[in-house]
Amino acid sequence: MLKPFALAAFLLASPAVARAQTLTPTHLGVPASALLTVDITTRADLSTGALTTDMGTYQDGKWVWNFGSKGFEVPKGRTFIVTDAQAWVLHEPGTGTPASLELMLDHPSGGYSGSMALFTFHDVPANAMGVHRQTWTSGFALTEGLRLRIWAQAFYPTSLMSMARIIVHGYYL
C-alpha cells in the first residue's frame, strides 16, 4: 500500500517541483523562463553575392527561427534588458579590408536608427582565414517596438568577411 502511495505522490509532485524551479530567480534576479537569447546571422553567397539574414530566439528551452528576417523586435508590452552580445565573423583569404559590423537599434515608427554596439576586427591581417570573435557587455533596456538588427560594412571580396553572427543575451522584465 505504501509503494503505490509514494509513486502517486512523486508523480503529482514532479510538475509542481519543475514549475517552482522555473520560477526560482537566476543570477540576474529573474526566473529562467524570462531569459532570452537572440541570434542574428547574415551572410553573402560567394558565387552570387546574394545576402541572407536570419534571426532566431531561444527562450524557456525552445528555439524559434525566422529565416529571411530583418531583425528582432521587442514584443508589445515587454521590456528586453540586454546584458551582453558576442559577434563572430568568418574571414576568407584575400586582400580585402577586415570585418566591421554593428548591432543596430531601430525604432521604425519613431524614425530612429543608431548603433548599439560596434564590432571591428581591424587586427585581423589579410589572408587570415577563419572565425574571429568579440564580446560586448552592457546594460541596455529596450522597450516595445524597438528592433535589433545586424549591419555589415561589406562582404567578400571587398571585405574579408563572408558571414557575421551576433548573439545577444538578456531577459524580459
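- Side-chain atoms of Val74 and Thr143, non-hydrogen and from C-beta on, never get closer than 4.5 Å to each other.
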Could you walk me through whether Ser69 and Ile40 pass the side chain to side chain contact (heavy atoms under 4.5 Å, CB included) test, one step at a time?
CA-CA 9 Å; Ser69 173; Ile40 306 171; over 6 Å; no
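- Distance alone, capped at 3.5 Å, places no donor-acceptor pair between the Glu92 side chain and the Pro157 backbone.
- One hydrophobic cluster, built from ILVMFWY side chains closer than 4.5 Å, cannot hold both Met161 and Leu90; they sit in different ones.
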Determine whether Thr53 and Leu51 satisfy the following criterion, side chain to side chain contact (heavy atoms under 4.5 Å, CB included), listing intermediate values before the conclusion.
CA-CA 7 Å; Thr53 300; Leu51 299 179; 5.8 Å; no
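- Contact check for Leu105 versus Leu148: side-chain heavy atoms found under the 4.5 Å cut-off.
- If you chain together hydrophobic residues whose side chains sit under 4.5 Å apart, Tyr58 and Phe67 fall into the same group.
- With a 4.5 Å cut-off on side-chain heavy atoms, Phe121 and Leu160 do not count as touching.
- Between Lys70 and Arg149 there is no side-chain heavy-atom pair separated by less than 4.5 Å.
- Residues Phe72 and Leu36 have side chains in contact (heavy-atom distance under 4.5 Å, counting atoms from C-beta outward).
- Judged purely by distance below 3.5 Å, without hydrogens or angles, the side chains of Asp39 and Thr41 pair a donor atom with an acceptor atom.
- Looking only at distances, no side-chain donor or acceptor of Thr120 sits under 3.5 Å from a matching main-chain atom of His122.
- No donor-acceptor pair closer than 3.5 Å links the side chain of Asp84 to the backbone N or O of Trp136.
- Here OG1 of Thr52 is found 5.0 Å from CZ of Arg43. Values are rounded to the nearest 0.5 Å.
- Counting only heavy atoms from C-beta outward, the side chains of Phe155 and Thr42 approach each other to under 4.5 Å.
- Residues Asp123 and Pro98 fail the side-chain proximity criterion, which asks for heavy atoms closer than 4.5 Å.
- Residues Tyr156 and Leu101 do not share a hydrophobic cluster, clusters being chains of Ile/Leu/Val/Met/Phe/Trp/Tyr side chains in contact below 4.5 Å.
- Classified by interplanar angle (parallel below 30°, tilted 30° to 60°, perpendicular above 60°), the ring pair His132/His91 is perpendicular.
- Judged by distance alone, the side chains of Asp106 and Ser113 do bring a donor and an acceptor atom under 3.5 Å apart.
- Between Gln86 and His169 there is a side-chain heavy-atom pair separated by less than 4.5 Å.
- Following chains of ILVMFWY side-chain contacts shorter than 4.5 Å, one cannot reach Leu103 starting from Leu118, and the two form parts of different hydrophobic clusters.
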